[in-house]
Amino acid sequence: MLDPRKLRHDPARTAEVLKTRHYSLDIERFESLERSRQEWQRRTESLQAERNRVSRAVGAAKASKGKQHDARALIDSVATLGEQLKAGQAALAEAQAELNQLLSEIPNLPHHSVPMGRDEHDNEEVRRRGTPRQFPFEVRDHVDLGARLGMMDYELAAGLAGSRFVVLQGGLARLHRALAQFMLDLHIHEHGYEETMVPMLVNSRALYGTGQLPKFADDQFTTRDQPPYYLVPTAEVPLTNLAAGRIFEAAELPLRKVAHTQCFRREAGSYGKDTRGMIRQHQFEKVELVHIVQPEQSYATLEALTGHAEAVLQKLELPYRVVALCTGDMGFGAAKTYDLEVWLPSQQRYREISSCSNCEAFQARRMKARWRNPETGKPEPLHTLNGSGVAVGRALVAVMENHQNADGSIRVPEVLAPYMGGCAAIQRPAD
RNA sequence: GGAGAGAUGUCCGAGUGGUUUAAGGAGCACGCCUGGAAAGUGUGUAUACGCCAACCGCGUAUCGAGGGUUCGAAUCCCUCUCUCUCCGCCA
């Protein structure tokens with residue numbers, strides 16, 4: 001949610017900026033809704049003020065003996081007020097609902113440092129780390145490697161659920177678990193995050209708070225309860241909403257939360273993309289990092305957060321690059337986003353494995369997450385940030401492909417040794 | 001799933017239709033008092049929206065949420081949510 005006051009103040013300029021995000025703001029509609037809201041609000045409030053005044057007078061008249069007649073006259077004098085008020089309130093509610101609907105579907109404004117651009121081709125590479133390995137043999141992709149190991153099976157998963165699911169078994173299942181545990185421990189012990197366990201079913205209010213609703217309802221899995229539960233598409237939703245409706249004192253900030261959860265996505269818009277393998281699944285695991293901070297700290301925090309995600313890839317000995325997303329490629333709520341892209345030798349290209357965003361006050365305003373600014377003494381919206389630290393399934397893919405051996409076995413990176421019971425390589429069990 | 005109790009401000013807590021325009025207490029902030037502190041004492045202490053250039057000020061809403069009755073609702077009625085206790089079931 002943009003600041004409604006700022007939008008009111010200069011809608012034309014805001015519309016210009018929103019164009020770079022493929023959003024066309026209907027200024028005329030906005031202003032007419034705003035006018036109507038304002039008019040009905042004034043009208044109802046003055047009717048309410050009158051009602052309150054008369055009602056108090058009725059009470060006073062009834063309290064003093066001998067003025068019962070005055071009370072009767074007062075009551076008669078507001079005979080039609082109730083209906084006017086009801087009509088006014090209904091009109092006001094309608095105007096507010098339409099205005100909210102409009103406001104809730106406007107994406108965030110990009111930070112001035114965000115490169116202008118249409119789509120992912122206009123993203124800017126910020127840095128590269130690690131060198132893609134030269135293989136003296138033909139590399140296999142993770143699907144091939146997994147099948148040869150007998151530990152990754154898409155047909156079994158299809159039998160259980162459908163397409164875009166996987167069954168991992170034996171060493172690969174353990175490697176997958178080890179990756180998640182390693183990431184959690186790294187962020188908890190070395191980066192200062194608080195370990196958090198959150199619900200993976202949430203209500204619509206939580207999804208509204210982080211911006212998935214109302215616009216992206218089709219991307220979410222829901223239950224058939226009434227009202228429905230939503231399966232979280234990312235732990236960003238429950239973690240960020242921990243601050244919803246609260247007013248923090250400056251001393252309580254910043255909040256740094258990490259959670260490891262399943263994530264569920266219908267991926268309605270992605271059919272035909274990445275249909276092979278574990279890159280794009282309906283269910284996947286992710287270790288998520290969330291910061292709730294004072295506004296002036298949020299951009300320094302974005303750099304730190306990105307660094308925490310990078311540390312995962314460095315320790316797993318994976319080559320990657322950091323990319324600043326352009327205006328046209330950023331997510332709905334983000335003011336600035338860095339993607340971490342890991343090298344996949346089978347595809348000879350870098351693929352997204354983490355996305356770190358500063359949402360500034362966009363989510364905080366939707367969920368009313370505030371702090372008391374000591375300088376003003378007033379509650380003001382916080383800034384929220386989130387980043388994957390990192391996607392576990394994609395990390396498994398990256399480890400398999402980058403650390404594969406000629407015989408199809410997988411070298412286990414050293415940092416995972418404590419989580420793998422000393423197992424240094426995943427190989428096909430002897431028949 | 002069944003039965004019961006409950007939800008009031010930062011916290012505790014009073015409040016069964018009209019000076020509640022939410023009592024009282026605690027906490028917190030700032031004064032006074034004090035050599036300093038404690039005690040005492042005074043004042044202040046929610047959020048949102050609107051009017052105003054802004055401060056001040058004024059108006060409106062909010063007593064778990066939504067709806068209803070009424071000139072008027074924290075209070076009466078209906079629906080829902082959540083919490084607690086007991087029972088059942090269960091990993």
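Throughout, protein chains are lettered first and strands after them, A, B, ... in sequence-line order, and every chain is numbered starting at 1.
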Visitor: Return the 5'-most residue of the pair A:R56, A:A49 with respect to RNA chain B, ranking by each residue's nearest nucleotide.
Guide: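 Comparing both residues, the 5'-ward one is A:R56.
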Visitor: Are A:Y230 and A:Q212 linked by a side-chain donor-acceptor pair shorter than 3.5 Å?
Guide: no
Visitor: Using a 4.0 Å heavy-atom cut-off across all strands, classify A:R53 as base, sugar-phosphate, or nothing.
Guide: nothing
Visitor: Starting from C1' on B:rG66, measure out to CZ on A:R205 and report it in whole angstrom.
Guide: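 Rounding to the nearest Å, CZ of A:R205 and C1' of B:rG66 are 12 Å apart.
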Visitor: List for me each residue that meets side chain to side chain contact (heavy atoms under 4.5 Å, CB included) alongside A:E28, sequence neighbours excluded, and say none if there are none.
Guide: A:D26
Visitor: Between B:rC28 and B:rC12, how far is it from one C1' atom to the other, in whole Å?
Guide: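 15 Å, rounded to whole Å.
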Visitor: Enumerate the ring pair (Phe, Tyr, Trp, His ring centres under 6.0 Å) contacts for residues 5-35 of chain A, please, sequence neighbours excluded, ordered by first and then second residue.
Guide: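 Qualifying pairs: none.
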Visitor: In whole angstrom, give me the gap between the C1' atoms of B:rC80 and B:rG25.
Guide: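 These two C1' atoms come out 34 Å apart once rounded.
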Visitor: Using whole Å, what does the distance between atom P of nucleotide B:rA61 and atom CG of A:L47 come to?
Guide: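 Checked: the CG to P distance equals 11 Å.
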Visitor: Measure from the ring center of A:H383 to the ring center of A:Y299 and say whether it is less than 6.0 Å.
Guide: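 No; A:Y299 has its ring centre 6.0 Å or more from that of A:H383.
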Visitor: Rounded to whole Å, how long is the line connecting atom CG of A:L74 with atom P of B:rU70?
Guide: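 Going from CG in A:L74 over to P in B:rU70 covers 18 Å.
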Visitor: Scan side-chain atoms only and decide if A:Q89 and A:T44 contain a donor-acceptor pair under the 3.5 Å cut-off.
Guide: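 Their side chains do not contain a donor-acceptor pair, so the 3.5 Å distance test is not met.
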Visitor: I'd like to know whether the aromatic ring centres of A:H282 and A:F264 sit less than 6.0 Å apart in this structure.
Guide: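 Ring centres of A:F264 and A:H282 not closer than 6.0 Å.
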Visitor: Heavy atoms under 4.0 Å, any strand shown: does A:R5 hit a base, just sugar-phosphate, or nothing?
Guide: sugar-phosphate
Visitor: Just checking A:V54: base, sugar-phosphate only, or nothing, at a heavy-atom cut-off of under 4.0 Å?
Guide: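 Nothing, no heavy atom under 4.0 Å.
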Visitor: Using whole Å, what does the distance between atom P of nucleotide B:rU45 and atom CD1 of A:I247 come to?
Guide: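 Answer to the nearest Å: 16 Å.
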Visitor: Treating primed atoms plus P, OP1 and OP2 as sugar-phosphate and everything else as base, which nucleotides of nucleotides 75-84 of chain B get B, S or - for protein heavy atoms under 4.0 Å?
Guide: ----------
Visitor: Under 4.0 Å, counting only non-hydrogen atoms across every strand here, what does A:N52 touch: a base, just sugar-phosphate, or nothing?
Guide: sugar-phosphate
Visitor: Give each protein N/O atom lying under 3.5 Å from an N/O atom of nucleotides 51-58 of chain B, with the pair distance.
Guide:
residue, atom, partner, partner atom, Å
B:rC51, OP1, A:Q38, NE2, 2.8

Visitor: Base, sugar-phosphate or nothing for A:R372? Non-hydrogen atoms, less than 4.0 Å.
Guide: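 Sugar-phosphate, no base atom in range.
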Visitor: Choose from B:rA61, B:rG18, B:rA48 the nucleotide whose nearest atom is closest to any side-chain atom of A:Q48.
Guide: B:rA61
Visitor: What is the distance, rounded to the nearest whole Å, between atom CD of A:Q89 and atom P of B:rG68?
Guide: 9 Å
Visitor: Looking only at the side chains, is there a donor atom on one of A:E50 and A:S46 sitting less than 3.5 Å from an acceptor on the other?
Guide: no
Visitor: Tell me the stems RNA chain B sits in, counting at least three consecutive Watson-Crick or G-U wobble pairs, each under 3.5 Å on both distances.
Guide: B:1-7 with B:81-87, B:10-12 with B:24-26, B:27-32 with B:40-45, B:46-51 with B:57-62, B:64-68 with B:76-80
Visitor: Look up atom CD in A:E401 and atom CD1 in A:I410, then write down how far apart they are to the nearest 0.5 Å.
Guide: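 It comes to 9.0 Å.
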Visitor: Rounded to the nearest angstrom, tell me the gap between atom CZ in A:R51 and atom P in B:rU70.
Guide: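 The distance from CZ of A:R51 to P of B:rU70 comes to 13 Å, rounded to the nearest Å.
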Visitor: Can you list every pair that meets ring pair (Phe, Tyr, Trp, His ring centres under 6.0 Å) and has a residue in residues 179-203 of chain A, with sequence neighbours left out?
Guide: A:H187-A:H191, A:H187-A:Y193, A:H191-A:H308, A:Y193-A:H291, A:Y193-A:H308
Visitor: Ignoring hydrogens and geometry beyond distance, is the side chain of A:E45 in donor-acceptor contact with the base of B:rG50 at under 3.5 Å?
Guide: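 Absent.
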Visitor: CG of A:D76 versus C1' of B:rG72: gap in Å, rounded?
Guide: 15 Å
Visitor: Check the distance between B:rG67's C1' and A:L85's CG and give it to me in whole angstrom.
Guide: 15 Å
